[in-house]
J.: 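Provided herewith is a single structure, encoded as C-alpha cells, for subsequent inquiry.
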There are 2 protein chains.
Amino acid sequence: MELSERKQKILAAIVETYIRTGEPVGSKSLMDVLPMKVSSATIRNEMAELVSLGLLEQPHTSAGRVPSHAGYRYYIDHLMGTRELDAESRRKIEAAIGSTGDPEELLSKAGEALADLTNCAAVSTTPTGESAKIRRIEVVPVGSRTAMLVLLTSGGLLKSRICRADTVITVPLLERFYNVTSTQLVGRPLSDVHTTAMQTLAASLGADAFSLLPFLAGVAELARDAAQTDIRLDGQTNLLGYRELEENAYELMEFLRNGEPLNALISNNKDDVQVLIGKENKYRQLERSSLILARYSVGGEESGTLGVIGPTRLDYAKLIPSVRYLTDLVGRLLTRSVRDEE
Amino acid sequence: MELSERKQKILAAIVETYIRTGEPVGSKSLMDVLPMKVSSATIRNEMAELVSLGLLEQPHTSAGRVPSHAGYRYYIDHLMGTRELDAESRRKIEAAIGSTGDPEELLSKAGEALADLTNCAAVSTTPTGESAKIRRIEVVPVGSRTAMLVLLTSGGLLKSRICRADTVITVPLLERFYNVTSTQLVGRPLSDVHTTAMQTLAASLGADAFSLLPFLAGVAELARDAAQTDIRLDGQTNLLGYRELEENAYELMEFLRNGEPLNALISNNKDDVQVLIGKENKYRQLERSSLILARYSVGGEESGTLGVIGPTRLDYAKLIPSVRYLTDLVGRLLTRSVRDEE
DNA sequence: AGTTAGCACTCTTTTTACCCGAGTGCTAAC
DNA sequence: GTTAGCACTCGGGTAAAAAGAGTGCTAACT
C-alpha cells in the first residue's frame with residue numbers, strides 16, 4: 001500500500017500519540033505534534049482517507065481517531081524507526097540477568113527483567129529439550145529409603161527430584177543402578193526414556209527389578225520434565241495498570257495463568273520476531289492485547305521464546321528492540337554455557 | 001463483653017448473611033433468617049445497640065448494617081461454631097497434595113490447594129532452617145569447569161546450584177573438596193557457613209585455595225538459601241473476583257507481590273491460628289482484607305506458616321478449619337519425611 | 001487543485017434534577 | 001419489653017439538559 005509522505009507522517013503521529021495517551025486523537029491536537037504546519041481541516045481530510053483505507057478507526061462519529069490493527073501493522077512495518085535499544089536499558093537488562101549457569105534461573109531472571117523494563121507481562125519458555133540427550137545421571141542417597149536423582153541433559157538442563165524407594169538403599173544397589181543407567185540410558189534421547197521403557201528395562205534386571213523400579217521411574221519423570229518446555233509468566237500484575245484491560249482483568253489473568261493457549265501461540269511463532277496485534281490472534285481474551293514474541297537460539301538452533309504481552313497500544317518502537325536484544329543475549333549466554341559444559 | 005442471647009443470635013445472623021451476600025443487611029431480611037420470631041422493630045432496636053457497642057456499622061444512615069472489625073472478632077471468638085472440615089474438602093486437599101519427599105514441592109502444592117479450595121490468595125512459607133544443620137554436600141561435575149553443588153540439610157531441604165570454577169576441575173580437586181567439606185562443614189549449623197567463613201576456610205587450604213573458593217562460596221550461597229524461609233503466594237488472581245477489592249486491585253497485587261511486608265506479618269504470628277481482620281493489621285493496602293494464618297510444626301518445632309488472604313467478609317467458619325487442617329497435614333507429612341531421611 | 005476558515009451537526013460525557021425505595025429512628029399503643 | 005405505624009434520610013436509578021470534543025461539509029482563498 002502506497003501512502004503519500006504526509007499521510008505517513010500523520011499516521012505515525014496518530015499511532016505515537018495514541019500509544020502515549022491512550023485517548024483517541026483529534027485533528028487539532030495533531031497540529032502541535034506534526035512537523036509541518038497545516039490546518040486541522042487538512043488533517044481531517046487526510047484522516048478521513050486513512051479511515052477509508054482501513055488504517056484508522058473512530059470509536060464513534062464525533063471522536064478522534066484510533067489506529068486500527070492494520071494501522072499498527074503499517075506503522076510497525078514501514079514507519080517505525082528501528083531504534084537501537086538505548087545503553088541505559090541494555091545496562092539494566094544485563095545487570096538484572098547477572099550470570100548463572102542454570103538455564104532455568106537465567107530464563108526466570110530474563111522474564112522478570114523484561115516485565116520490569118516494559119511494564120507488561122513477560123512470557124518465557126525454557127529451551128526445548130526435544131533433541132536433547134541424557135548426559136549424566138546421579139543418585140545422592142539422603143536417607144535409608146530416599147535418594148535424590150539428578151539428571152543432566154546435553155542442553156545443559158539440570159533436573160532433580162527426591163525419590164522414595166520401597167526397600168532400603170544399599171551400596172550394591174546403587175552400583176547396579178549406576179551400571180544400568182550409564183550403559184542403557186546415558187546418551188539416549190530424552191524421549192526414549194519414558195515410563196513404559198523403564199518398566200521393561202526394570203523387568204530385565206532380575207532380582208533387583210523391584211528395588212530399582214522406583215528410581216528408574218524417577219528418571220523417566222525427570223526426562224519428561226526436562227523434555228517439556230515449560231512456560232513462565234512474569235509481571236501479570238503490570239497489566240492491571242492499563243485502563244483498557246481493566247474491564248476484563250480477571251478473565252485475562254485467568255487466561256494467562258492457564259498457559260495452554262499461550263503455549264499454542266508461542267509454538268506457532270516461526271518468525272524471528274513476531275508481533276501479534278489485537279485480534280490478529282484467535283483468542284477472545286487477548287483481543288485487546290498485543291504480543292511481541294521472539295525466539296532465541298542455543299548453539300545455532302531455534303530453541304525457546306521470550307516475549308511480552310500488553311495492551312494493543314504498546315510502544316512497539318521501543319519494545320521490539322528490547323525483546324530482540326534480550327533474546328539475543330539469552331541465546332548467547334545459553335550457548336556459551338552449553339559449550340562450556342561439553 | 002456480655003451479650004444477651006438474642007443479640008448474639010442477631011449478630012451471628014448479620015455476619016453470616018453479610019458474608020454470603022456482601023450487601024448490608026437490614027432488619028426485615030433478618031426476620032426470615034432468625035430462628036425466633038420477632039418483629040423488625042425489635043431487631044432494629046437490638047441492632048442500634050449493637051452499633052453503639054461497636055459491633056456493627058452502617059455505611060450510611062439509611063442502609064442496613066455491616067459487621068465491624070470488632071463484630072467479626074466477637075463472631076469468631078464466641079459465636080462461630082467450630083465446624084469440622086467436611087470429608088469432601090479433606091479429600092480434595094489430600095488429593096491435591098499427593099505425596100512428595102520434597103518440602104518445597106509439598107508447600108507449593110499445599111499453597112495451590114488452599115488457594116483453590118478457598119478461592120482466596122494463599123501464602124505459604126517453607127520450613128525455617130534456622131536451627132538446621134548441613135547433613136550432606138555433593139558435587140556433580142557437569143563440564144570441564146562447571147559442577148552442580150547439592151546441599152542437604154537436617155530438615156530434609158535439598159538445594160542445588162550450578163557453580164562455575166576458574167580452573168579445570170580434576171579428580172584430586174574433587175577429593176580435596178569432599179575431604180574439606182565432610183570434615184569442616186557437614187554437621188555444622190547453616191548459619192555458620194557464610195561467605196566470610198568460607199573465605200577463611202579457603203585461605204587455609206594452601207595451593208588449592210584458589211580452585212576451591214568458587215565451590216565453597218557456592219556452598220555458602222546454598223546454605224543461605226536453605227536457611228532463608230521463602231514465601232510463596234498462590235492464587236492472587238482469585239482476589240480479582242471480589243467486588244470490594246476491585247478498586248485497589250492493582251495496589252493490592254503489588255503489595256502482595258513485594259512480599260516484604262507479608263513476611264513481617266507472618267513472622268509476627270506467634271499463635272496457633274491467627275486471624276487478622278481488616279485494619280487490625282497495619283498495612284493500608286490490606287485494610288479491606290483479612291488474613292488467616294496458621295503455623296505448622298515439623299518434628300514438634302514451630303516451623304512455617306500457611307494462610308489465606310481474602311476480603312474481610314471471609315467465611316471464617318469454614319476457612320479457619322481448612323487452614324488448620326492443612327497446616328496439620330503439612331506438618332505431619334514433613335515430620336514423616338524428615339524422620340524417614342534420618 | 002489543494003488548503004483553510006467557518007459552522008452546523010453528531011455523539012459522548014457531565015451535570016442537574018428528580019423520584020423511588022430500602023431502611024432507619026422514634027413514638028405511641030399493646 | 002414488644003410491636004405497629006410513620007416521618008425522615010440517603011443512596012441509586014433515570015431522564016432531561018448542558019457542555020465539550022471533534023467531525024464533515026461548504027465556500028472562500030492561494
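Just so it is clear, the structure is predicted and the values come from calculations on it, not from any experiment.
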J.: With a 4.0 Å limit, can you tell me whether B:Thr61 has a side-chain N or O closer than that to the phosphate oxygens OP1/OP2 of D:dT9?
T.: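 Negative; the distance criterion is not met.
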J.: Could you tell me how far apart A:Lys28 (NZ) and C:dC7 (P) are, to the nearest whole angstrom?
T.: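 From A:Lys28 NZ to C:dC7 P: 13 Å.
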J.: With both distances under 3.5 angstrom, what nucleotide forms a Watson-Crick or G-U wobble pair with C:dA29?
T.: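 The answer is D:dT2, by the H-bond criterion.
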J.: To the side chain of A:Arg44, which of C:dT24, D:dT3, D:dC25 is closest?
T.: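 Ranking C:dT24, D:dT3, D:dC25 by closest atom to the A:Arg44 side chain puts D:dC25 first.
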J.: Using only side-chain N and O atoms of A:Gln58, determine if any of them is under 4.0 Å from OP1 or OP2 of D:dG24.
T.: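 For D:dG24, OP1/OP2 do have a side-chain N/O of A:Gln58 under 4.0 Å.
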J.: Specify the separation, in whole Å, of atom CG of B:Asn45 and atom P of C:dT24.
T.: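 Interatomic distance, CG of B:Asn45 to P of C:dT24: 11 Å.
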J.: Rounded to the Å, how far apart are A:Lys7 NZ and C:dT3 P?
T.: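 It works out to 10 Å between those atoms.
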J.: Rounding to a whole Å, what distance do you find between A:Lys37:NZ and C:dT3:C1'?
T.: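 Spelled out: NZ on A:Lys37 to C1' on C:dT3 is 12 Å.
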J.: Nearest heavy atom decides the nucleotide; on that basis, is B:Ser39 or B:His60 closer to the 5' end of DNA chain D?
T.: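 Counting from the 5' end, the first nearest nucleotide belongs to B:Ser39.
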J.: Round to the nearest Å and state the distance from A:Ile10 atom CD1 to C:dT3 atom C1'.
T.: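 Going from CD1 in A:Ile10 over to C1' in C:dT3 covers 13 Å.
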J.: Tell me which of B:Pro59 and A:Val25 sits closer to the 5' end of DNA chain D, going by the nucleotide each one is nearest to.
T.: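 Between the two, 5'-proximity favours B:Pro59.
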J.: Determine whether more than 12 heavy atoms belonging to other residues, nucleotides or ligands lie under 6.0 Å from atom NZ of B:Lys279.
T.: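 No - once you tally the heavy atoms of other residues, nucleotides and ligands closer than 6.0 Å, there are 12 at most.
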J.: Taking atom P of D:dT3 as reference, at what distance in whole Å does atom CD1 of B:Ile43 sit?
T.: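 Rounding to the nearest Å, CD1 of B:Ile43 and P of D:dT3 are 9 Å apart.
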J.: Tell me: CE of B:Met31 to C1' of C:dA22, nearest whole Å?
T.: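 So the CE-C1' distance, B:Met31 to C:dA22, works out to 13 Å.
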J.: Check whether any side-chain N or O of A:Glu246 sits under 3.5 Å from a backbone N or O of A:Arg243 as a donor-acceptor pair, and report yes or no.
T.: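 Absent.
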J.: If the cut-off is 4.0 Å, is A:Arg65 near the phosphate of D:dT23, judged by side-chain N/O to OP1 or OP2?
T.: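 Yes.
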J.: Can you tell me whether the side chain of A:Ser62 and the base of C:dT10 have a donor-acceptor pair closer than 3.5 Å?
T.: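 Result: at least one qualifying N/O pair found.
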J.: Do you see a donor-acceptor pair shorter than 3.5 Å between the side chains of A:Gln8 and A:Tyr74?
T.: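 Side chains of A:Gln8 and A:Tyr74: pair found under 3.5 Å.
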J.: Rounded to the nearest angstrom, tell me the gap between atom CD in A:Glu46 and atom C1' in C:dT4.
T.: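 Atom-to-atom, A:Glu46 to C:dT4, this comes out as 14 Å.
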J.: Any base atoms under 4.0 Å from A:Ser27, or only sugar-phosphate, or nothing? Heavy atoms, all strands.
T.: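 Sugar-phosphate, no base atom in range.
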J.: Which part of the nucleic acid, if any, lies within contact of B:Thr42, taking any heavy atom under 4.0 Å across all strands shown: a base, the sugar-phosphate backbone alone, or nothing?
T.: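 Answer is base: heavy atoms of B:Thr42 come under 4.0 Å of a base.
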J.: Are side-chain N/O atoms of A:Ser89 and A:Asp86 paired as donor and acceptor at under 3.5 Å?
T.: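 Yes - a donor-acceptor pair under 3.5 Å links their side chains.
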J.: What I want to check is whether the side chains of A:Tyr75 and A:Glu16 have a donor and an acceptor closer together than 3.5 Å.
T.: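 Short answer, yes.
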